[in-house]
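One structure below.
These values consider heavy atoms only, across backbone and side chains, with no hydrogens, waters or symmetry-generated copies.
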Amino acid sequence: MRGVPIYKDINLANVRFDSIREEIKAKAFTGFIKISYWDMEDYLYFLMGEPVDGIRCFSNGRREKIEVKDYKPVSTTGIFSLYTTSPIEIFAFKEALQDRVTPYTFVGYGQELVAPIQLSHTDPNRVLEDMASMDIYGYMLISKKDNLDYLIVLAKGKPTCVYRSGLYKYAGKEVIEISKEPSYLAVYKTEPEFVNFLASLDTLKKLEDVKLKKLEDAKDVVDKLTEGFKLLEIIISYGLRLFMLLSGKLLIFKVLRGFTDIKTEVKLPNLDAEYSLRIYSIEIKNKLSLVDVVFSSYTETYTDYVPKDVLLSINKAFIEEIGPIGVLVWKKVFEKLGFDLDKLPRSRLMEFIDLLAKEIPDEKHANRFIEKIRRWV
């Protein structure tokens, strides 16, 4: 999973874990904690300050669920890291744990062309125009505050299928209203055959379940397949699923859906366990029509402001480095930006901090100010 480190590779014995929890909740943090022990790693995921789920990864490749809400480190001998990420990454993680196959299952597959960005900070209609000019194959993803929303399949840059919460649309007009709550957009580039696969998942039908004593036994299952397209799903461990699309016995593509990301080439763990293999039939659509997708903006302006407690912390760090004159300088910077003292849009936070740092005449103190507030940037 992609993430920006807030704290990285800190000796766990030096971390007050309860204090970290309080900070995560107070700042409505979205991201994950990673704790590395000598024989395993624990991942704890959070969305807007609330625990989502957790996974423990053992050195032999086995994974199991752990409770995040009441989690306590198993020992003080370990390495602690905290990463912030977009809600889309958290939603993709949640999909990896679901017992179902939908277009959402494959979120994160492909090359990231547009990194997750809040819809309030971009024009999705313009993004669609850019994708059309590039003739890309892939998909655009829209998320809401608490889950994934629209997944728009793109062929030569143009929408050919719109998926949302179990419903598929292949023609006509789709008007998408931008939500007033924080929503995100991302675009991924894939190969053309993957686009046809995504647009055909409404034809997916489960044929049978097979138990495997070892992963190599899947070859025997493949040898018995008849003509036509089949999707094989192997449940390897908690949050780890291998998908293979075959035409007859010919492999079209293979992806490993993990709890952190999707990979095409990876060494699979050979566990002392029984694997579940599911076989699906799927009718791959070769010809896709166009969907006229239009994003409509809402009339009431929505602004996501920096929380007041964060502004107070930044103010404190600023005055510590510039001195008492910082009270006047603080007001001057707000006036320059044209905002009230307690209302700073999140989209202007980077600009605001840059202006503050430039007001500190001593370079050493300016750099120390940036270091103090880096967790809010």
Side-chain angles (χ1 to χ4, degrees), residues 1-4 30-32 34 41 43 45 47 52-55 57 61-63 65 83 85-116 131 136-143 147-155 161 163 184-201 204 215 218 229-246 251-269 271 275-278 280 282 284:
M1 177 178 290
R2 290 171 288 269
V4 178
T30 295
F32 61 96
K34 175 185 176 183
E41 291 181 334
Y43 292 83
Y45 294 85
L47 178 66
V52 174
D53 208 331
I55 286 187
C57 303
R62 184 170 65 87
R63 291 159 170 78
K65 176 183 175 67
Y83 295 84
T85 187
S86 78
I88 284 180
E89 299 281 359
I90 301 299
F91 300 146
F93 158 74
K94 290 172 66 176
E95 281 298 319
L97 307 180
Q98 300 299 317
D99 188 23
R100 63 190 181 202
V101 181
T102 73
Y104 293 156
T105 305
F106 302 93
V107 166
Y109 178 81
Q111 176 190 351
E112 190 179 72
L113 283 186
V114 178
M131 296 304 105
I136 75 142
Y137 287 86
Y139 57 95
M140 174 187 286
L141 188 68
I142 307 293
S143 78
N147 55 41
L148 295 173
D149 199 15
Y150 287 92
L151 189 149
I152 303 167
V153 182
L154 304 172
C161 172
Y163 175 81
Y184 282 78
L185 173 151
V187 180
Y188 299 84
K189 181 181 179 181
T190 71
E191 60 272 23
E193 53 266 32
F194 190 80
V195 164
N196 289 76
F197 166 73
L198 280 184
S200 303
L201 279 171
L204 198 68
L215 288 176
F229 289 98
K230 303 290 189 303
L231 179 69
L232 272 58
E233 175 191 13
I234 302 177
I235 313 298
I236 298 174
S237 188
Y238 183 68
L240 196 63
R241 303 149 75 189
L242 177 67
F243 292 93
M244 295 182 288
L245 179 66
L246 300 106
L251 180 67
I252 306 300
F253 69 77
K254 175 178 66 175
V255 298
L256 185 70
R257 167 78 271 183
F259 68 97
T260 56
D261 53 15
I262 291 184
K263 298 178 181 178
T264 54
E265 295 295 334
V266 68
K267 184 178 179 180
L268 299 175
L271 306 174
Y275 302 92
S276 295
L277 167 64
R278 296 168 180 169
Y280 304 86
I282 183 171
I284 300 297

Going through the distances and angles, do L268 and I236 end up as a side-chain contact (heavy atoms from CB on, under 4.5 Å)? CA-CA 9 Å; L268 299 175; I236 298 174; 3.8 Å; yes
Tell me, with the steps shown, if Y238 and F259 meet ring-ring contact (aromatic ring centres under 6.0 Å, His included). CA-CA 9 Å; Y238 183 68; F259 68 97; 8.8 Å; no
Given side chains that start at C-beta, do those of L151 and V107 come closer than 4.5 Å, heavy atoms only? yes
From CE (M140) to CE (M131), nearest 0.5 Å: 7.0 Å
Check the surroundings of atom NZ in K263: do more than 12 heavy atoms from other residues, nucleotides or ligands lie under 6.0 Å from it? no
Donor-acceptor pair between Y188 and Q111 side chains, under 3.5 angstrom: no
Could you grab the distance from atom CZ of F106 to atom CZ of F197, nearest 0.5 Å is fine? 4.0 Å
Calculate, to the nearest 0.5 Å, the distance between atoms OG1 and CG belonging to T190 and L154 respectively. 9.0 Å
Ring-plane angle category for Y43 and Y45, please: parallel below 30°, perpendicular beyond 60°, tilted otherwise. parallel
Got L245 and K230 here, is their nearest side-chain heavy-atom distance under 4.5 Å? no
Specify the closest pair of heavy atoms between T105 and I262, including all atoms of both residues, with the distance to one decimal. O-CD1, 4.1 Å
Would you say the side chain of P87 lies within less than 4.5 Å of the side chain of L47, judging by non-hydrogen atoms? yes
Residues R257, E233: salt bridge by 4.0 Å N-O rule: no
Enter the distance from L148:CG to I90:CD1 here, rounded to the nearest 0.5 Å. 11.0 Å
If you apply the rule ring-ring contact (aromatic ring centres under 6.0 Å, His included), what do you find for F194 with Y137, and how did you get there? CA-CA 9 Å; F194 190 80; Y137 287 86; over 10 Å; no
Evaluate side-chain contact (heavy atoms from CB on, under 4.5 Å) for E112 paired with V114, printing each intermediate quantity in order. CA-CA 6 Å; E112 190 179 72; V114 178; over 6 Å; no
Measuring from D99:CG to S276:OG, what's the distance to the nearest 0.5 Å? 9.5 Å
Do side-chain atoms of S143 reach the backbone of D149 as a donor and acceptor pair under 3.5 angstrom? no
ring-ring contact (aromatic ring centres under 6.0 Å, His included) between Y163 and Y150: does it pass, once the steps are laid out? CA-CA 6 Å; Y163 175 81; Y150 287 92; 9.8 Å; no
Do the side chains of F243 and V101 get nearer than 4.5 Å, heavy atoms only? yes
Interatomic distance, L277 atom CG to I235 atom CD1 [nearest 0.5 angstrom]: 9.0 Å
Evaluate side-chain contact (heavy atoms from CB on, under 4.5 Å) for L232 paired with L242, printing each intermediate quantity in order. CA-CA 8 Å; L232 272 58; L242 177 67; over 6 Å; no
Testing the basics here: between T102 and L201, what is the closest heavy-atom pair and its distance to 0.1 Å? C-CD1, 3.8 Å
Which atom names give the shortest non-hydrogen contact between I55 and G239, and what distance separates them? CD1-CA, 4.5 Å
Which pair of non-hydrogen atoms, one from A218 and one from I234, has the smallest distance, and what is that distance? CB-CD1, 4.0 Å
Under a 4.0 Å threshold between the charged nitrogen and the carboxylate oxygen, would K65 count as salt-bridged to D53? yes
Y184 side chain near I142 side chain, heavy-atom distance below 4.5 Å: no
Does the side-chain contact (heavy atoms from CB on, under 4.5 Å) test come out yes or no for L231 and L204, once each step is laid out? CA-CA 8 Å; L231 179 69; L204 198 68; 4.0 Å; yes
Does F93 form a ring-ring contact (aromatic ring centres under 6.0 Å, His included) with F32? I'd like the steps, not just the answer. CA-CA 11 Å; F93 158 74; F32 61 96; 9.0 Å; no
Note: Q98 and R241 closest approach over all heavy atoms is O-NH1, 3.0 Å
Verify whether the ring centers belonging to F91 and Y104 lie closer than 6.0 Å. no
Is the distance between the ring centroids of Y109 and Y139 under 6.0 Å? no
Shortest non-hydrogen contact between A199 and C161, atoms and distance: CB-CB, 4.0 Å
